[in-house]
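Here is the structure we will look at, set down as structure tokens.
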Amino acid sequence: MMQAPKGTKDAIPENVYKWHYIERKAADVCRRFGFKEIRTPVFEHTELFQRGVGDTTDVVQKEMYTFNDKGGRSITLKPEGTSPAVRAYLENNLYAQPQPTKLYYITPCYRYEKPQAGRLREFHQFGVEAFGASDPTIDSEIISMVHTFFGELGVDNLTLNINSIGCPVCRNEYNKALREYFEGRKSELCGTCHDRLETNPLRILDCKSPICHGIAEGAPVILDYLCDECREHFEGLKANLENLGIEYKIDTHIVRGLDYYTKTVFEFVSNEIGAQGTVCGGGRYDGLVEELGGQKTSGIGFGLGLERLILVLENKDIPKDMKTDIYIASIGEQAKKYAQKLAFDLRQKGFSCEQDLLSRSVKAQMKYADKLGVRYSVVLGDSEIESGSAELKNMETGEKSEIKLDEIDEFLK
RNA sequence: GUGGGUAUAGCUCAGUUGGUUAGAGCGCCAGAUUGUGGCUCUGGAGGCCGUCGGUUCGAAUCCGACUAUCCACCCCA
């Protein structure tokens, strides 16, 4: 049998209500926080991600869905949402509109990875980006928005971790200090960290190997190396979060794996959904717009994995989509035709209704109506059509009431 | 890319030391005196036991490879 490609998942009718719920909530929270929706293509020129995400990152080096189109262009399915948003910001001159520009999107993303709990090859991200604001007020506004979003979904078991990874200037100083520290214990590090010592010592802090982790405990802390500007920014963010009453932890080991991050980085983590516990990750990227050809412009945003969010929501009560208003059961051909017209008219008036499509017995029709979870049902036979009235049944209470067929819509309201 | 687990009905799983027509619960469909759901009862449909190969008189059961899936590393949302 054919099956969906590895790492992809269908959203089938019995589950889509979760997606609807989350998407509605995202749109509503964005409206209140002043973020406007932007939709960008699923694919972009490969170069966008090479420059935006960074040529040396794992995402670009080994996880992208890249192919040549029939015109010989190198195309890549978007592995993340930030670079496309920046590209669109520049291409559509959004910087010429009143600043800051606050955008949000819900989009599929693609990464060629080995699937596991909370990690798919096609996954969906709710993300926001804010351009043109360098003050930490926007940092805290965005974090408070995620906080609100999770709070209103009833997710209360996440930890907010924050950190600052500085600007290129102070990070450089810090890298030097780190190299010096790890150089002394080089022989003890794991294989990958051995390499990281050369390429990106920051990432050693993130290593899950107990040995490296232990060594990292004693490593110099980035916060001690921040330049004045970066330190003030981070202090400002902390003060803002306290002002808003949002709890956070400082985790000097969070290091985002995409090259563009500067200063603020943060993540919301769950310990209930397996190893891939980061439900939301984000941070500031003050160099990215310039890197992609624009003026020097501050930026900050986050990405939030919808599949992971659904995992976190596993045992929560999620409101189902609206029930069908009425099922029209019918006996015989004449009644079926009548039901057809009645259903059509009610649908024109905005009600949802269903009729028999399989010529089943009344009993079977009622069973089906029950499984659909309809609010009301009505049975039409020759006598009902003749008299123009029938018994409307409330499927929840079982209560019946005699009504005129041309007045059904009054009862459905 | 590396490691480990799993693979029997639509779903969740039984299947005794290899032995003949492979089972249960749930779900689906149909009935239980002729036109009304939920509870109960009865019946029915539905499985090349993941695929290929090997051992054996005989394999769902043992062995190997492959594939799929799950979990972890890595990476990240």
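These numbers come from a predicted model, not from an experiment. A note on names: the letters A, B, ... follow the listed sequences, proteins ahead of strands, and every chain is numbered from 1.
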>> Can you confirm if the aromatic rings of A/Y104 and A/F35 lie within a centre distance of less than 6.0 Å?
In response: no
>> Just to be sure I understand the rule, does A/T57 reach a base, reach only the sugar-phosphate, or reach nothing, if contact means heavy atoms closer than 4.0 Å?
In response: nothing
> Which listed nucleotide (B/G3, B/A30, B/G37) is nearest to the side chain of A/R360?
Replying inline: B/A30
> Under the 3.5 angstrom rule, does the side chain of A/Q99 hit a backbone N or O of A/L94 as a donor-acceptor pair?
Replying inline: yes
> To the nearest Å, how far apart are A/D58 CG and B/C73 C1'?
Replying inline: 13 Å
> With sugar-phosphate meaning primed atoms plus P, OP1 and OP2, does A/G127 contact a base, only sugar-phosphate, or nothing at under 4.0 Å between heavy atoms?
Replying inline: nothing
> Nearest nucleotide by nearest heavy atom, which residue falls closer to the 5' end of RNA chain B, A/Y261 or A/G274?
Replying inline: A/G274
>> What I want to check is whether an N or O donor and acceptor connect the side chain of A/S361 with the base of B/G31 at under 3.5 Å.
In response: no
> A/E396 near the nucleic acid: base, sugar-phosphate alone, or nothing, with a heavy-atom cut-off under 4.0 Å?
Replying inline: base
> Between A/D286 and A/R284, is there a side-chain N and carboxylate O pair less than 4.0 Å apart?
Replying inline: yes
> Which one, B/A68, B/A77, B/G37, comes nearest to the side chain of A/M395?
Replying inline: B/G37
>> Classify A/E113 by what it touches in the nucleic acid, base, sugar-phosphate, or nothing, heavy-atom distance under 4.0 Å.
In response: base
> With sequence neighbours excluded, what pairs up with A/E384 under the side-chain hydrogen bond (donor to acceptor under 3.5 Å, both in side chains) test?
Replying inline: none
> Quick one: salt bridge (charged side-chain N to carboxylate O under 4.0 Å, His left out) partners of A/D409, sequence neighbours excluded?
Replying inline: A/K349
>> Any salt bridge linking A/E396 with A/K323? Criterion: basic side-chain nitrogen under 4.0 Å from a carboxylate oxygen.
In response: yes
> With sequence neighbours excluded, what pairs up with A/K404 under the salt bridge (charged side-chain N to carboxylate O under 4.0 Å, His left out) test?
Replying inline: none
> B/U2 P sits how many Å from A/Y112 OH, rounded?
Replying inline: 11 Å
> For A/F123, what residues pass the ring pair (Phe, Tyr, Trp, His ring centres under 6.0 Å) criterion, not counting sequence neighbours?
Replying inline: none
>> As a test of reading the structure: which of B/G37, B/C76, B/G35 is closest to the side chain of A/K363, going by heavy atoms?
In response: B/G37
>> Classify A/V279 by what it touches in the nucleic acid, base, sugar-phosphate, or nothing, heavy-atom distance under 4.0 Å.
In response: sugar-phosphate
> Which residues satisfy the ring pair (Phe, Tyr, Trp, His ring centres under 6.0 Å) test with A/F131, sequence neighbours excluded?
Replying inline: A/Y89
> Rounding to a whole Å, what distance do you find between A/L120:CG and B/A77:C1'?
Replying inline: 11 Å
> Starting at CD1 of A/I12 and ending at C1' of B/C11, how long is that distance when rounded to a whole Å?
Replying inline: 11 Å
> For the side chain of A/A364, counting heavy atoms from C-beta on, which of B/G35, B/C76, B/A30 is nearest?
Replying inline: B/A30
> Separation of A/M64 atom CE from B/A77 atom C1', in whole Å?
Replying inline: 17 Å
>> From C-beta outward on A/A275, which listed nucleotide comes closest to its side chain: B/G35, B/A77, B/C73?
In response: B/C73
>> What's A/E14 touching, base or sugar-phosphate or nothing? Going by heavy atoms closer than 4.0 Å.
In response: nothing
> At under 4.0 Å between heavy atoms, what does A/G398 touch on the DNA or RNA strands: base, sugar-phosphate, or nothing?
Replying inline: base
> Just to confirm, is there a sub-4.0 Å distance from OP1 or OP2 of B/C71 to any side-chain nitrogen or oxygen of A/Q116?
Replying inline: no
> Only one of A/F149, A/F150, A/W19, A/Y105 clears ring-ring contact (aromatic ring centres under 6.0 Å, His included) with A/F126; which?
Replying inline: A/F149
> Given atom CZ of A/R111 and atom C1' of B/C74, what is their separation to the nearest angstrom?
Replying inline: 14 Å
> Within the modelled atom types, does a donor on one side and an acceptor on the other bring the side chain of A/K114 and the base of B/G1 under 3.5 Å apart?
Replying inline: no
Identify all side-chain donor-acceptor contacts of residues 237-247 of chain A below 3.5 Å with residues at least two apart in sequence or on another chain.
| from | atom 1 | to | atom 2 | distance (Å) |
| --- | --- | --- | --- | --- |
| A/K238 | NZ | A/E235 | OE2 | 3.2 |
| A/N240 | ND2 | A/P136 | O | 3.3 |
| A/N240 | ND2 | A/S140 | OG | 3.2 |
| A/N240 | ND2 | A/G236 | O | 3.4 |
| A/E242 | OE2 | A/Y248 | OH | 2.5 |

> Given B/G35, B/A68, B/C74, which nucleotide is nearest the side-chain atoms of A/K62?
Replying inline: B/C74
> Is there a donor-acceptor pair under 3.5 Å between the side chain of A/D370 and the backbone N or O of A/M366?
Replying inline: no
> Contacts to RNA chain B from residues 365-375 of chain A, heavy-atom cutoff under 4.0 Å, which residues?
Replying inline: A/M366, A/K367, A/D370, A/K371
> Nearest to the side chain of A/V379, which nucleotide is it out of B/G35, B/A72, B/A77?
Replying inline: B/G35
> How would you label the contact of A/E63 with the nucleic acid (heavy atoms, under 4.0 Å): base, sugar-phosphate, or nothing?
Replying inline: sugar-phosphate
> What nucleotide, of B/G35, B/C74, B/C76, holds the atom closest to the side chain of A/R119?
Replying inline: B/C74
>> Given the structure, check if the side chain of A/E384 and the base of B/G35 hold any donor-acceptor pair shorter than 3.5 Å.
In response: yes
>> Once you apply a heavy-atom cut-off of 4.0 Å, does A/L258 come out as touching a base, just sugar-phosphate, or nothing?
In response: sugar-phosphate
Can you give each donor-acceptor pair under 3.5 Å made by side-chain atoms of residues 39-46 of chain A, sequence neighbours left out, with the distance rounded to 0.1 Å?
| from | atom 1 | to | atom 2 | distance (Å) |
| --- | --- | --- | --- | --- |
| A/R39 | NE | A/E37 | OE2 | 2.9 |
| A/R39 | NH2 | A/E37 | OE1 | 3.4 |
| A/R39 | NH2 | A/E37 | OE2 | 3.3 |
| A/T40 | OG1 | A/K78 | NZ | 3.1 |
| A/E44 | OE1 | A/R87 | NH1 | 2.9 |
| A/E44 | OE2 | A/R87 | NH1 | 2.4 |
| A/T46 | OG1 | A/S74 | O | 3.1 |
| A/T46 | OG1 | A/S74 | OG | 2.7 |
| A/T46 | OG1 | A/I75 | N | 3.4 |
| A/T46 | OG1 | A/T76 | OG1 | 2.7 |

> Can you list the residues that meet the side-chain hydrogen bond (donor to acceptor under 3.5 Å, both in side chains) rule with A/Y112, with sequence neighbours excluded?
Replying inline: none
> Starting at CD of A/Q276 and ending at C1' of B/A77, how long is that distance when rounded to a whole Å?
Replying inline: 9 Å
>> Taking any heavy-atom pair under 4.0 Å as a contact, classify A/I310: base, sugar-phosphate, or nothing.
In response: nothing
> How does RNA chain B look in dot-bracket notation if pairs are Watson-Crick or G-U with both distances under 3.5 Å, crossing ones as [ ], other-strand ones as |?
Replying inline: (((((((..((((.....[...)))).(((((.......))))).....(((((..]....))))))))))))....
>> Quick check on contacts: within residues 399-413 of chain A, what sits under 4.0 Å from RNA chain B by heavy-atom distance?
In response: none
>> Judged by each residue's nearest nucleotide on RNA chain B, which is more toward the 5′ side, A/P5 or A/G303?
In response: A/P5
Taking only distance into account, with no hydrogens and no angle test, what donor-acceptor pairs under 3.5 Å do side-chain atoms of residues 6-18 of chain A form with protein atoms, sequence neighbours excluded?
| from | atom 1 | to | atom 2 | distance (Å) |
| --- | --- | --- | --- | --- |
| A/T8 | OG1 | A/P5 | O | 2.7 |

> Base, sugar-phosphate, or nothing: which does A/K6 touch, judged by heavy atoms less than 4.0 Å apart?
Replying inline: sugar-phosphate
>> Output the rounded distance in Å from CD (A/Q334) to P (B/G35).
In response: 17 Å
